[in-house]
*Asks:* 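Let me give you the structure first, and then I'll get to my questions.
Every chain is numbered from 1, with letters handed out A, B, ... down the list of sequences.
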Number of protein chains: 2
Amino acid sequence: MEYTIAEVADQTGLTAHTLRYYERAGLLDPPERDWNGHRRYSERDISMLRLLTRLRATGMTIAEMRRYAELCRVGPATFDERRELLEDHRRQVQQKIAELQTDLALIEYKISVYTGADDVPAAMSGLPAPDLARP
Amino acid sequence: MEYTIAEVADQTGLTAHTLRYYERAGLLDPPERDWNGHRRYSERDISMLRLLTRLRATGMTIAEMRRYAELCRVGPATFDERRELLEDHRRQVQQKIAELQTDLALIEYKISVYTGADDVPAAMSGLPAPDLARP
DNA sequence: GCTTGCCTTAGAGCGCGCTCGAAGGGGGAG
DNA sequence: CTCCCCCTTCGAGCGCGCTCTAAGGCAAGC
């Protein structure tokens, strides 16, 4: 099964403009064309795009995704390097999650201050009071 | 205790340029000046900056932070609105964490594929195989 | 007195990741 | 044939969040 650019845009949540941009940027192999020059995306293209969108959502840069795509183009010989790239990225995602969780605790502390409840989470009792009021 | 812009830059990890930018952008009340016009940041300024950096790190935009700062300037009458703003942001952070955790599972699945181990996590067994090799 | 170094301002510039505009073609419906 | 819609390419433009430059002030050290 193959798809037009509009169908792929629909399926991936990217715009047609962005799909062409990704192709230009070297993130995606140029798909086949039909008789009149329109792109026909394969299932494989779609899976690659789905992976790319998740990598983007987790903060991978275009340059890193291009690197990954280049390794894919080379072939199975690059499995190790691709794994390393993904392992690096995994670490970054894990760190980001940890950071967000810490920051979430601070946000919840601030909310509790504004709520006027005195049931401040015990874990926060030692926090340097952040700009409590500015009355 | 008061601090120079360089000391604050040091403490917050922001640059002096960025500190002036935040002030211009309305995120921070203009600090006091000493006799020769240099900024003297108070402890209160520092706490606000520390909060702002965590809000930035969790994806709050400059515009939203400005809104928060404006509410702070108005006074205690805006406690409710500040709480709502932070509650909205909390929801966004929670969603982002959830998304990252889902995406992390996909990344780990891909790593397992490249590792060649056949001990693919059971939870993943139903995944549409993402671009396994492109040989 | 000169150099060094940190500070000031206003405003321009940059990197990223899109996002859009212009100009044009081909095909199907009425 | 006309209208409309979707596609094409190339290249410019944009929004965000900084980041830096230029031009200059003041003060301490040599």
*Asks:* Output the single nucleotide from C:dG17, D:dG25, D:dT19 whose closest atom is nearest the side chain of B:H38.
*Replies:*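 Ranking C:dG17, D:dG25, D:dT19 by closest atom to the B:H38 side chain puts D:dG25 first.
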
*Asks:* Given D:dC18, C:dT9, D:dC7, which nucleotide is nearest the side-chain atoms of A:I5?
*Replies:*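 Shortest atom-to-atom distance from the side chain points to D:dC7.
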
*Asks:* Rounding to an integer number of Å, can you tell me how far A:E32 CD sits from D:dT8 P?
*Replies:*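 After rounding, the reported distance stands at 14 Å.
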
*Asks:* May I ask you to evaluate whether A:Y21 reaches the phosphate of C:dC20, defined as a side-chain N or O under 4.0 Å from OP1 or OP2?
*Replies:*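 So the side chain of A:Y21 is outside the cut-off, no N or O lying under 4.0 Å from OP1 or OP2 of C:dC20.
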
*Asks:* Please state how far atom CZ in A:R20 lies from atom P in C:dG17, giving the value in whole angstrom units.
*Replies:*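 In whole Å, C:dG17 P and A:R20 CZ are 20 Å from each other.
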
*Asks:* For the pair made of CG in A:L19 and P in C:dC20, what is the distance, rounded to whole Å?
*Replies:*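 Taking CG of A:L19 and P of C:dC20, I get 14 Å after rounding.
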
*Asks:* How is A:A16 classified with respect to the nucleic acid when contacts are heavy atoms under 4.0 Å: base, sugar-phosphate, or nothing?
*Replies:*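 Counting heavy atoms under 4.0 Å across all strands, no contact is made by A:A16.
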
*Asks:* Of the candidate nucleotides C:dC18, C:dG26, C:dT19, which contains the atom at the shortest distance from the side chain of A:H17?
*Replies:*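 Looking only at heavy atoms from C-beta outward on A:H17, the closest nucleotide is C:dT19.
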
*Asks:* Any side-chain N or O of A:R56 under 4.0 Å from OP1/OP2 of C:dC18?
*Replies:*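 Answer yes for this pair, as a side-chain N or O of A:R56 is under 4.0 Å from OP1 or OP2.
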
*Asks:* Does a nitrogen or oxygen in the side chain of A:Y22 sit under 4.0 Å from OP1 or OP2 of C:dC18?
*Replies:*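 Answer yes for this pair, as a side-chain N or O of A:Y22 is under 4.0 Å from OP1 or OP2.
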
*Asks:* Looking at C:dC7, C:dT19, D:dC7, which one has an atom nearest to any side-chain atom of A:A6?
*Replies:*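 The nucleotide sitting nearest to the side chain is D:dC7.
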
*Asks:* Counting only side-chain heavy atoms from C-beta out, which of D:dT19, D:dG17, D:dC7 sits nearest to B:R24?
*Replies:*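 When the side chain of B:R24 is considered, D:dT19 is the closest of D:dT19, D:dG17, D:dC7.
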
*Asks:* Between C:dT19 atom C1' and A:E23 atom CD, what is the distance in whole Å?
*Replies:*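 Rounded to the whole Å, the gap is 17 Å.
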
*Asks:* Please state whether the phosphate of C:dT9, meaning OP1 or OP2, lies under 4.0 angstrom from any side-chain nitrogen or oxygen of B:R33.
*Replies:*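 Yes, because at least one side-chain N or O of B:R33 sits under 4.0 Å from OP1 or OP2 of C:dT9.
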
*Asks:* Hey, which sits more toward the 5' end of DNA chain D by its nearest nucleotide, A:N36 or B:T61?
*Replies:*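 That would be A:N36.
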
*Asks:* Can you tell me the distance, in whole Å, between the CG atom of A:L49 and the P atom of C:dC18?
*Replies:*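 Answer to the nearest Å: 12 Å.
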
*Asks:* Which residue pairs pass the side-chain hydrogen bond (donor to acceptor under 3.5 Å, both in side chains) test with at least one member in residues 8-21 of chain B, sequence neighbours excluded?
*Replies:*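 The answer is B:T15-B:T18.
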
*Asks:* In whole angstrom, give the distance that lies between atom CG of A:L55 and atom C1' of C:dG17.
*Replies:*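 Going from CG in A:L55 over to C1' in C:dG17 covers 16 Å.
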
*Asks:* If you draw a 6.0 Å radius around CD in B:E32, do more than 12 non-hydrogen atoms from other residues or ligands fall strictly inside?
*Replies:*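 Check fails, neighbour count at 12 or below.
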
*Asks:* Assess the side chains of B:T78 and B:E81: does a donor N or O sit below 3.5 Å from an acceptor N or O?
*Replies:*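 Side chains of B:T78 and B:E81: no pair found under 3.5 Å.
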
*Asks:* Would you say B:H38 and B:T4 are linked by a side-chain donor-acceptor pair, where the criterion is simply a distance under 3.5 Å?
*Replies:*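 No.
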
*Asks:* Would you please indicate if the ring centroids of B:F79 and A:Y114 are separated by under 6.0 Å?
*Replies:*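 Yes, ring centres under 6.0 Å apart.
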
*Asks:* It should be established whether B:R39 places a side-chain nitrogen or oxygen under 4.0 Å from OP1 or OP2 of nucleotide C:dT9.
*Replies:*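 True: B:R39 side-chain N/O within range (under 4.0 Å) of C:dT9 OP1/OP2.
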
*Asks:* Without hydrogens or angle criteria, can the side chains of B:E99 and B:T102 be said to hold a donor-acceptor pair below 3.5 Å?
*Replies:*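 Note: B:E99 and B:T102 side chains miss the donor-acceptor criterion.
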
*Asks:* Would you kindly compare B:W35 and B:A63 by the position of their nearest DNA chain D nucleotide and give the one closer to the 5′ end?
*Replies:*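 Residue closer to the 5' terminus by nearest nucleotide: B:A63.
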
*Asks:* Whole angstroms only, please: what is the CE-P distance between B:M60 and D:dC16?
*Replies:*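 These atoms are roughly 16 Å apart.
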
*Asks:* Can you tell me the distance, in whole Å, between the CD1 atom of B:I62 and the P atom of D:dT19?
*Replies:*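 Value for this atom pair: 11 Å.
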
